[in-house]
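Note sheet for the following structure.
Computation of the quantities below employed the complete heavy-atom set of this structure, encompassing side-chain atoms and omitting hydrogens, waters and symmetry-equivalent molecules. Whatever order the structure lists ligands and atoms in, that order sets their numbers, starting from 1. Positions are given from 1 along the sequence.
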Amino acid sequence: MLKILVCVSGGGTNLQAILDGIEKGTVRNAKVVEVISNNPGVYALERAKNAGVKGVCVSPKDYADREEFHRALIEEIDSVSPDLIVLAGFLVNIPSELVRKYPRRIINIHPSLIPSFCGKGYYGLKVHEAALARGVKVTGATVHIVDDGVDTGPILMQKAVEVQPGDTPEVLQKRVMEQAEWVILPGVIDKIATGELSLENS
Ligand code: GRF
C-alpha cells in the first residue's frame, strides 16, 4: 500500500480527485495518510477531514524565517514517512533539502503542457492568462517529478485540452482541471502504486 502525503494551498479539487479515485477503486493500492496545507482554513483541509484523513497546517507565518518554516515542514513530512509526496496546488517553493531527502518521490501537477507556460511566476490563473494571451489553441496539464528547479523535473504524464473561442482564464482553468488535472494526477498515482510506472526510471 503506497502511503501518500498530499500538500495543498487552497480549494483542494486535485486532492478530492485523488480521494475519489481511491474510494472508487480507480486508484489502487494507495492511501492518503496526511494532508499538509501552508494556509489555515482552506477548503482542502475540510476535504481531508471529510475523508477521515489527518489535515495539518504548517504556515510560514508561524515561523521566524523561511529556514525555520522549511525545517517544520520537513519535520512534519518525516513524521509520516510517506512513500510519495504529491504537490496538488501547493504554492510553496520546495526546499532543496526535501528534494534531496525524497529523491524522485515528490510529484507535482502543473496546469499547462510543460515546457509551455511554466516556471517561476506561472501558477494558478496566471498560467491560463498567459496561454490565452499567446493565442494557443491547445493547452493541458502535466504531472512531473519535482527536482530542484521550478517545473523542470522529468515529465510523467500530460493531457491536452482544447482552447475554445471566447474562453476566459477562469473558464479555461475549469476545463483544464476537469478534462486533464483530475484525470492524470490520480492516473499517475495509480500507475506508481501498482508498479506500472517506476519513478526511479522516469
Ligand atoms: C491547480 O490548477 C493545480 O494545477 C495548480 O493549482 C491548482 C490547485 O487547485 N498547481 P486545487 O487546490 O487542487 O483545486
Side-chain angles (χ1 to χ4, degrees), residues 4-23 26-27 30 32 34-51 53 55-59 73 84-94 98-99 106-133 136 138-147 149-163 167-190:
I4 306 170
L5 181 139
V6 184
C7 296
V8 296
S9 298
T13 60
N14 279 290
L15 164 68
Q16 193 65 57
I18 299 166
L19 293 169
D20 290 349
I22 292 172
E23 174 81 17
T26 50
V27 176
V32 178
E34 188 168 304
V35 172
I36 297 180
S37 171
N38 61 312
N39 286 321
V42 292
Y43 194 62
L45 287 174
E46 201 63 29
R47 292 180 193 273
K49 197 171 154 204
N50 292 341
V53 174
V56 175
C57 176
V58 184
S59 166
L73 182 66
L84 181 71
I85 301 169
V86 178
L87 310 182
F90 192 49
L91 299 176
V92 168
N93 283 331
I94 294 304
L98 188 64
V99 177
I106 311 175
I107 63 171
N108 180 47
I109 175 91
H110 181 76
S112 77
L113 293 174
I114 290 176
S116 291
F117 313 116
C118 65
K120 205 165 178 279
Y122 286 100
Y123 59 90
L125 273 182
K126 288 182 196 298
V127 177
H128 305 290
E129 280 162 9
L132 290 175
V136 294
V138 173
T139 183
T142 303
V143 179
H144 65 92
I145 295 177
V146 173
D147 65 7
V150 182
D151 302 328
T152 50
I155 291 171
L156 298 172
M157 200 183 281
Q158 295 187 296
K159 190 163 186 286
V161 173
E162 280 187 17
V163 178
D167 270 354
T168 62
E170 290 80 5
V171 167
L172 184 57
Q173 179 182 52
K174 187 161 179 276
R175 188 178 312 115
V176 168
M177 282 179 157
E178 286 172 358
Q179 295 185 7
E181 296 183 44
W182 302 343
V183 178
I184 62 174
L185 186 57
V188 164
I189 294 171
D190 177 65

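Side-chain contact, Ser9 with Asn38: a donor N or O sits under 3.5 Å from an acceptor N or O.
When all heavy atoms of Cys57 and Asn39 are compared, the closest pair comes out as SG-C, 3.7 Å. Nearest heavy-atom pair across Asn14 and Glu181 is ND2-OE1, 2.9 Å. When every heavy atom of Val161 is checked against every heavy atom of Ala180, the shortest pair comes out as CG2-CB, 3.7 Å. Scanning all heavy atoms of the two residues, the minimum distance from Leu132 to Asp167 falls at CD1-O, 3.5 Å.
By the 3.5 Å distance cut-off applied to N or O atoms, Gln173 is not counted among the residues near ligand 1. For the pair Glu181 and ligand 1, the shortest N or O to N or O distance falls below 3.5 Å.
Summary of contacts: the protein heavy atom closest to atom 8 (C) of ligand 1 is Gly89 CA, 3.6 Å. Scanning the protein for heavy atoms near atom 9 (O) of ligand 1, the closest one is Met177 CE, 3.4 Å. Counting only heavy atoms of the protein, atom 12 (O) of ligand 1 lies nearest to Gly12 N, 2.8 Å.
For the residues Leu15, Thr13, Ile109, the heavy atom positioned nearest atom 14 (O) of ligand 1 is part of Thr13.
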